[in-house]
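Data block below; observations after.
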Amino acid sequence: MKATRWACGFLAILTLAVGTALPATGGQAVPEVRIAVGPPNVVGYLPLYMAKGLGHFAELERRRNLKVTLVDFRGGSEAATALIGGDVDFATVTLTHVIKAHEQGKDLRFLLTFFNAQAMAMIVQADLRDVTSPAQLRGRRVGITSLGSATHMQARHILAAHQVDPDSVQFVPVGGPPTALAAWQRKAVDAMVYLDPLITMLVDGGSARLIYDVRTLEGTVRLYGAAHISSGLLTRPDVITRAPETTQRVVDVFVCTLRWLRSRRTRPEEIARNLPPGLDWSPAVIRANLGGLSADGRVLPDAVNTVITFLKRDGLLDPRFTVPVDRLVEGAFVQRAILGGGCP
Amino acid sequence: MSRAGEPPATAVRAVQAALVAAALVGWEVGARRGWLSAEFVSRPTAVGAVIWDWVRSGYLWPHLVATFEAAVVGLGLGLAGGAALGFLVMFVPAVGEVVEPAMSTLNAVPRIVFYPLLMLWLGLGMASKVGLVATIVAFLGYYTAVGAVREVDRLLLAQVRILGASPAAMLRHLYLPATLAWMITGLRTSVGLAFIGAILGEYMGSMRGIGNIIMGAQNLFQTPQVMAGLALTMVLAAAVDTLLARLETHWSAWRQVEQA
């Protein structure tokens, strides 16, 4: 009887809350900009979370009457799909999604680079003392998130660059971070290509040794011959023509944030302290990734071409597909932000 | 009040509470002693601290309300729509012949596969989550209605017909009361499915909701936050179920009298 009363009371409060929440979503006084993020809380989107942590989005709302809402998606493809579908105005995903969208006739524009290096690294089980380089992984089990994923491709590139036939190893899909951690601890894999914070966590915990680091610009250039853009900000051409001022303000925020990050690249503790509540990346995780951070958001044409070349080489893009860089990239907003130096 | 041979309700409650307490203590001790990996299962005290922090800071409410809204509105729309179609199929045989094979086929398709399409059609706000929940539970509403109508006492049906009841009167005075208890039972079975649908929808793409919290926490290895999300879902589902159980007892009182 008491339980029923409790349940009724609890549900009544929630129903009331639903009732009061509904009109709030109806009429909006402040114009809203939605940014899709897929997947959320990964280090590759550090500038996005840093902008939030530094209060730039709150400033935009207060001073420029522009509300920024982040929408989380399970993965980059879902976030890009939401952008194509018109549900969001911007997305922070990898450049690969822009190129793949163009291949399918969908027009998206890359506005700004977050990282010119890949946010991944290859590790090996600490007790496999004889393995000190990817060159010694022939016949071993290598963990990746899933077959055909970015970690899979990265693993193949690292192996090929070390004269190991990628088909001579056994790739093991270990899934998302919790299952990857379980697979690592149960030694279901000998080596693994994965993202942070897992990589730093395992290396610092002593169960893993780093054998190839693509998180640094040097590691990326050694592998690809040039910088290789990973994540950044993109939008649809109609957003650019319909709302150029809004686009500029959003780009301004990120250029300003990238400069702030750049000026503190030797102080990861300060960066960690300014992250938004709930994001608990350690200074070690941040330090490991700062090397590949873009200085000012500029999209380097060479780095775009490297991504296209390797997508074709991996069979992920039609070899006959061609697209001029200026159809993929809209660089004018970053240029203006750099010259204007405008933080909100 | 307990019937002869049944343990008193207070004793049952005491045993249930003791079992829950034992499980929580076992979990806490197991994680502290290292028998269970705290990285994978966390500890009840850590989970409790997270929930308390969310409640105190006000962080929880928009998420809880979003999940509750998607689950309950989707549940209501899905069951009502499914049940209406079920009644239609039973009362108009021609419709039944057309619809029945399609329903069996569609029921076999995992609805989550359609979710990206639902997001494109309905947007990524509440409507797509409600849509996902509704498509998941609609089939249960449909099959419950079909089964309930089949279960109506044939003798009673014949008598009502002889007395000259109109189709509307038969629906109101015979079919609806006779099927109501079944529908409430169907509703109880669907509560869990509705919350699964709402959380899956939020997990795929959302601005808020318990699924949104779980998705973000997983990428940060925040097991206490993931467990707190799961615990809150259980509380929500249990609250809705307790209310429905009460309704079920109320509405099926006549059936117990009949059986006696």
Side-chain angles (χ1 to χ4, degrees), chain A residues 1-22 24-25 34 36-43 69-75 77-79 81-82 84-88 176-182 185 195-198 201 205 277-281 285, chain B residues 9 13 37 39-40 50 53-54 57 59 61-62 64-73 115-117 119-126 128 200 202-209 211-213 215-223 225-226 235-236 238-247 249:
Chain A
M1 223 35 94
K2 219 172 198 175
T4 314
R5 236 175 283 149
W6 271 100
C8 286
F10 180 61
L11 294 177
I13 291 169
L14 268 184
T15 313
L16 203 69
V18 169
T20 48
L22 284 178
T25 52
R34 286 179 171 184
V37 193
N41 297 349
V42 295
V43 188
T69 306
L70 304 187
V71 189
D72 297 333
F73 288 87
R74 202 171 60 97
S77 342
E78 285 89 351
T81 306
I84 292 167
D87 265 319
V88 294
T179 45
L181 175 63
Q185 290 187 338
L195 304 112
D196 264 325
L198 184 59
M201 204 173 115
L279 261 190
D280 53 3
W281 295 326
V285 168
Chain B
R13 292 266 178 279
S37 164
E39 269 169 354
F40 292 128
V50 166
D53 188 44
W54 287 350
S57 63
Y59 168 78
W61 302 115
L64 205 60
V65 166
T67 304
F68 178 76
E69 193 182 335
V72 171
V73 177
Y115 188 64
L117 282 178
M119 271 211 284
L120 279 181
W121 296 334
L122 301 173
L124 49 88
M126 191 52 70
S128 56
L200 267 180
E202 290 161 358
Y203 195 79
M204 300 284 282
S206 58
M207 284 172 269
R208 56 187 76 86
N212 180 283
I213 296 182
M215 168 170 59
Q218 271 186 347
N219 287 337
L220 293 169
F221 294 98
Q222 293 173 336
T223 313
Q225 278 79 345
V226 174
V235 171
L236 268 185
V240 177
D241 185 67
T242 310
L243 189 71
L244 291 176
R246 188 93 187 107
L247 279 178
T249 318

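Quick note on labels: first sequence line is chain A, next is B, and so on, each numbered from 1.
- Contact of A:L195 with chain B is not made at all, since no heavy-atom distance falls under 4.5 Å.
- No other option in A:G86, A:P197, A:P177 has as many heavy-atom pairs under 4.5 Å with chain B as A:P177.
- The shortest non-hydrogen separation linking A:D280 to B:Q222 is OD2-NE2, 3.1 Å.
- When each of A:P178, A:G85, A:P277 is checked for heavy-atom pairs under 4.5 Å with chain B, A:P178 comes out on top.
- Interface summary for chain B: among A:V285, A:T69, A:L198, the most heavy-atom pairs under 4.5 angstrom belong to A:L198.
- Proximity to chain B involves both the backbone and the side chain of A:T81, based on heavy atoms less than 4.5 angstrom apart.
- When every heavy atom of B:W54 is checked against every heavy atom of B:I213, the shortest pair comes out as CH2-CG2, 3.5 Å.
- Interface remark: A:A36 contributes no atoms to any contact with chain B (heavy atom separation under 4.5 Å).
- Side chain of B:N219 to backbone of A:P40: a donor-acceptor contact under 3.5 angstrom is found.
- In this structure, the side chain of B:E69 does not engage the main chain of B:A66 through any donor-acceptor pair within 3.5 Å.
- Of the listed residues (B:E202, B:Q225, B:M119), the greatest number of heavy-atom pairs within a distance under 4.5 Å of chain A belongs to B:M119.
- When the salt bridge (Lys or Arg N to Asp or Glu O under 4.0 Å) test is applied to B:D241, the partners found at least two apart in sequence or on another chain are B:R188.
- A donor-acceptor pair under 3.5 Å is formed between the side chain of B:S128 and the backbone N or O of B:G125.
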